Amino acid sequence: MCYNAAGMDNLIKELNPQQQKAVTASDGPVLVLAGPGSGKTRVLTHRVAWLVLERDAAPWSIMAVTFTNKAAREMRERLEELLGPSRARRLTLGTFHATCARVLRREAEATGISRDYVIFDADDQLRLIKQVIKDLGLDDKRYRPRAVHGAISRAKNELIPPEAYDTGTYYGEVVKRIYEHYQALLAANGGLDFDDLLMKTAQLFAQNPAVLANYQERYVHILVDEFQDTNQAQYTLLRQLSGMQHNLFCVADEDQSIYAWRGADYRNIRRLRDDHPDLLTILLEENYRSTQTILDAAHAVIRHNPDRTEKALFTRRGQGPEIAVHEAYDQDDEAQFVVDTITRVTREGVHYGDCAVMYRTNAQSRALEDAFVRAGMPYRLVGATRFYARREIKDIVAFLRLIHNPAEGVSMARVVNIPPRSIGQKTTSALENAAQERGVSVYEVMHDLPDKLGARAQRALATFLEMLEGWVAAREHLTVAQLIDRVVEDTHYADYLRDGTEEGEERWANVLELRNVAAEYEETTLTEFLADVALVSDVDNLSDDVDAPTLLTLHSAKGLEFPVVFITGLEDGLLPHSRSFDDPDQMAEERRLMYVGLTRAKDQLYLTRAFRRTRYGESDPSAPSRFLDDIPPQLTGGAKKPRRTRTQTQWDQGSDYRAGNLQSPVSKPQFRAGQRVRHADFGDGLVIESRVDGADEIVAVAFEDVGLKRLMAGLANLERLEG
DNA sequence: TGATCGCGCCTTTTT
DNA sequence: GGCGCGATCA
C-alpha cells in the first residue's frame, strides 16, 4: 500500500488538525488528552508510522504499549499495511505484562530468575496464598485469601517488597508474613505472578544500571495507549525506560479510568506533567463515533465528577435518535426486551454483530444468556469463565507445566490425582512433608519414596512418575499439540471428562479447542506457549467473523464500539455498585464506568433496568440508578412525561408487563408519506409509510434503484430532500 | 480413597 | 442460586 513517506503524506491528510499536531509533534514528551471515539489509538498508530517514515526511526527502536493483546494485534495489523510486514515485525508492541515477561526471560542472568519461569495466574496465586495461610497455621476466616491476595497485589503494584511492607497494624504484620512466605513459595516453584512481572522488571532496572542503559539506548521512542490506567509500577517502568531520551508519547482519557481497584492511578497524568516540565499537551475533542444525543447524555453523567478537565466533545454526526429507556419487571423480562429489540432492529438492516449488551457484573449475563438461548438467537459471551481459567484447560496446562518443569509444585498438586488414580490426600500430604523435610520438590521425592507409604500408594505413584518421565523425554521431539495428544491419551482424559452429560461434552470440546490453539504454535517452544497462555485474556479472542450480538461487562467494553448498545441493570446497588456507596472515589469510578458504557454506542442506546432483581437467589425490588436522573429527559423522549417508577401493585394490575407490549415513551415521527429522501447506500426514494415503534421510527421507502426497504430512521441516516 | 451432603459466603470489575 | 470447603460415610 504505502510503505513510503509519500503515502504517509496522504494518511496525514486524513487526520484533523489536532490529530495531525499530535502525530507530527517533535520528539520529547507528549501527552494526548482525548475523549472517547476521538481516534486515540489511530493517532498512536499513525505516530509510529510517522516516526518510521518521516523521522527515519528504526522500527526496533520503537516500543508501543497497549492495554490488551487485542489492541496490540490490531495495531500491528494496521502497521503492516502502513510499513510493510518486515518493518512492522521489528516493532516492539504489546502489553506491559507481555513486554516485561520477555525482558525477564532475556535478562535471566542479571535477575537470577530462571529463564524457564512460569507465570502464575489469579487462580494459581490464590491457591498459593491458601497454602501459605495453612502452612503458617493461620485462620482463613480471619485472613481471607482473596483479601490477603489483594493487599499483596497492591503492594507489588506500588513496588513494595515484603521486607518494606508496613501498615502499622497487626493485620498488616500478618499479611507481611504471608507475603514473605508467598514470595518464597513462588520462587521455590519457579513462578512469577502477574504483578511480579512488573515489579521484578522495575527492580532489575533499578539495581542494574548497565542493563537499564541497554534498553534506554535501544528504545528511542516509547508510546503508551490508555495511559490513565497505568499503575505505579508501570509508571516507574516508563520513567526508567525513557530516562535517557525523554521521548514519551502517552494517550489518555481521565474520564475513562476504570481500573483504580486494580492499582491504576490516574494521578499518573499529573505525575507525568510534574516530571516533564517540557510536556506538550494536546487535546482531541472531536468525536467520530457517536451521535450528539449520545455524547450529550454521556457528558451529562460525567460532568458531576470532581477534579476533571472539562473537554468540549463534539461530533459532526448529527443529533441521531433518542435514547430509549426501558423499565422491565424483572431480569428475565429485561433480557426478553433486549432479545425482542435486537430481533426488531435486525429486521431493519442492523446486523447481529452490530449489537452489544453490557452489564456491571458477570452474574447478570445468566438471565440474558437464557433469553438468547430461548429465542434461538446466537450470541458471543466475553469473560464470565475465561477460557484459560476453565478447569479442564487448567488441568491440561498443568500437565504441560509439569513437563516443562516437573519440580513445580502447584501443577503437581493439581494433577497428580487427575483423573483419579488413587493418590489421595493422605499420600500427597506425606509426599509434601517429605519434600519439605528434605528441602526438595515433590517430584524428587517421587524417585525415593518415604517408607511409610502403603504398597498401593507406592504402585500408583510409580506409574504416575513413569508416565510423567515419558512425557519429559518425549518433549524434545514433539510439538506442543502432539504433547497434548500424548497427555490426553495416556491419562484417558477424554473418558474422565465425557461423563455423558452435556457439560462433559462441552468441557471436552474446550480441550479440543486448546489443542487447536496449540497446533497454531507449530514453531514455538513449550516455554513460549505457556507464557502466552498465561497472558491471554478473553476479549483478546473476540473475533469479528461471527455475526452475533456481544454480551460483555462494562469493563471489557473499554476500547470497543458498537452501532447499537444496551446497558442493562441500571439500578442503584448494581450501577453504581453497592460496594462503592460509601466511598466518593469509588462512586466517581462507577460514574466513569457508566460513561465508558454510554460512549461505546455509535447510533442507538438502550438503557434498561428491572423493577425486581434476583440477587443471591432472592428477588428484591430495586431503585433506578441515580445516573439515569442525570440524563436530561429531552434526550430520552421523556420531556412530557416524567420518568416514574411503577409500584408492585401497578405491575400486578397491568396485564401488559411482558416485554414487547411495554414501550418507551413515544416520540413524534420525523418522516411522513410522500417525502423524498436520500440514503447513503440505497440512493434517492419516496417515503411510503412511517410509524413510531417504541423509541424508533420505522420508515418504508420506495427507492428508485433498489425498490422498497423498511428502515429505522435513527440508524439509517436518512436525509430529507427539499420539495 | 472418594462420593455425598450441608454450610457459609458470595459477586464488582481483569492484565 | 451456586461454589468451595469441611465433615461424614461406603
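Fair warning: this is a prediction, and the values are worked out from it, not measured in the lab. All chains are named by letter (A, B, ...) in the order of the sequence lines, taking the proteins before the strands, and each is independently numbered beginning at 1.
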[X] side chain N/O closer than 4.0 Å to the phosphate oxygens (OP1, OP2) of [N]?
{"X": "A:S556", "N": "B:dT14", "answer": "yes"}
{"X": "A:T614", "N": "C:dG1", "answer": "no"}
{"X": "A:N231", "N": "B:dT15", "answer": "no"}
{"X": "A:R146", "N": "B:dT11", "answer": "yes"}
{"X": "A:K130", "N": "C:dC5", "answer": "yes"}

Using the side-chain heavy atoms of A:R262, tell me which of these nucleotides is nearest: B:dT14, C:dG2, B:dT11.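 Of the options given, the side chain of A:R262 lies nearest B:dT14.
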Measure from the side chain of A:R456, starting at C-beta and using heavy atoms only, and say which of B:dT15, B:dT11, B:dT1 lies closest.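 That would be B:dT1.
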Measure up the A:Y259 and A:F67 rings against each other and bin them: parallel (under 30°), tilted (30 to 60°), perpendicular (over 60°).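 Plane angle between 30° and 60°, so tilted.
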Between [atom2] of [N] and [atom1] of [X], the distance in whole Å:
{"X": "A:L197", "N": "B:dT15", "atom1": "CG", "atom2": "C1'", "value": "9 Å"}
{"X": "A:L126", "N": "B:dC10", "atom1": "CG", "atom2": "C1'", "value": "14 Å"}
{"X": "A:R391", "N": "C:dG4", "atom1": "CZ", "atom2": "C1'", "value": "13 Å"}
{"X": "A:Q586", "N": "B:dT11", "atom1": "CD", "atom2": "P", "value": "15 Å"}
{"X": "A:L192", "N": "B:dT15", "atom1": "CG", "atom2": "C1'", "value": "15 Å"}
{"X": "A:N362", "N": "B:dT11", "atom1": "CG", "atom2": "P", "value": "12 Å"}
{"X": "A:K134", "N": "C:dG4", "atom1": "NZ", "atom2": "P", "value": "16 Å"}
{"X": "A:L461", "N": "B:dT1", "atom1": "CG", "atom2": "C1'", "value": "13 Å"}

Counting the benzene-type ring for Trp, do A:Y182 and A:Y179 have ring centres under 6.0 Å apart?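 So the answer is no for these two rings.
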Report yes if the distance between the aromatic ring centroids of A:F566 and A:Y359 is under 6.0 Å, otherwise no. no
Could you tell me whether A:T427 contacts a base, only the sugar-phosphate backbone, or nothing, with contacts defined as non-hydrogen atoms closer than 4.0 Å?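 Sugar-phosphate only.
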Name all residues meeting the side chain to side chain donor-acceptor pair (under 3.5 Å) criterion together with A:D195; count only those two or more places apart in sequence or in a different chain, and write none if there are none.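 With neighbours one apart ignored, the set is A:S153.
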For A:E589, check side chain to side chain donor-acceptor pair (under 3.5 Å) against everything at least two apart and list the hits. A:R592
Would you kindly compare A:A457 and A:D195 by the position of their nearest DNA chain B nucleotide and give the one closer to the 5′ end?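 Of the two residues, A:A457 wins.
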Of A:K426 and A:I258, whose nearest nucleotide on DNA chain B comes first from the 5' end? A:K426
Check this for me: does any side-chain nitrogen of one of A:D370 and A:R374 sit under 4.0 Å from a carboxylate oxygen of the other?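 Salt bridge absent between A:D370 and A:R374.
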Does a side-chain N-to-carboxylate-O contact under 4.0 Å join A:D620 and A:R615?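 No salt bridge links A:D620 with A:R615.
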Kindly write out the residues that satisfy side chain to side chain contact (heavy atoms under 4.5 Å, CB included) with A:A101, not counting sequence neighbours, or none if the list is empty. A:Y117, A:I119, A:L197, A:L535
Tell me, what's DNA chain B's dot-bracket, Watson-Crick or G-U with both distances under 3.5 Å, | for other-strand, [ ] crossing? |||||||||......
Under 6.0 Å from the CZ atom of A:R146, do we count more than 12 heavy atoms belonging to anything else shown? no
Charged tip of A:R626 within 45° of A:F581 ring normal and under 6.0 Å: yes
Cation-pi check, A:R401 to A:F120: give yes when NZ or CZ is under 6.0 Å from the six-membered ring centre and within 45° of the ring axis, no otherwise. yes
Expected rows: protein N/O vs nucleotides 7-10 of chain C N/O, under 3.5 Å:
none

Does A:N433 use its side chain to pair, donor to acceptor, with the backbone of A:A430 at less than 3.5 Å? no
P gap between B:dT13 and C:dG4, integer Å: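 To the nearest whole Å, 15 Å.
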What distance do A:L223 atom CG and A:S242 atom OG have between them, rounded to the nearest 0.5 Å? 11.5 Å
B:dT14 base stacked by A:Y259? Criteria: ring centres under 5.5 Å, plane angle under 30°.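 A:Y259 ring does not meet the centre or angle cut-off for B:dT14; no stack.
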Using atom names, set out every protein N or O paired with an N or O of nucleotides 2-8 of chain B below 3.5 Å, distance rounded to 0.1 Å.
from	atom 1	to	atom 2	distance (Å)
B:dG2	OP1	A:S422	N	3.2
B:dG2	OP2	A:N417	ND2	2.9

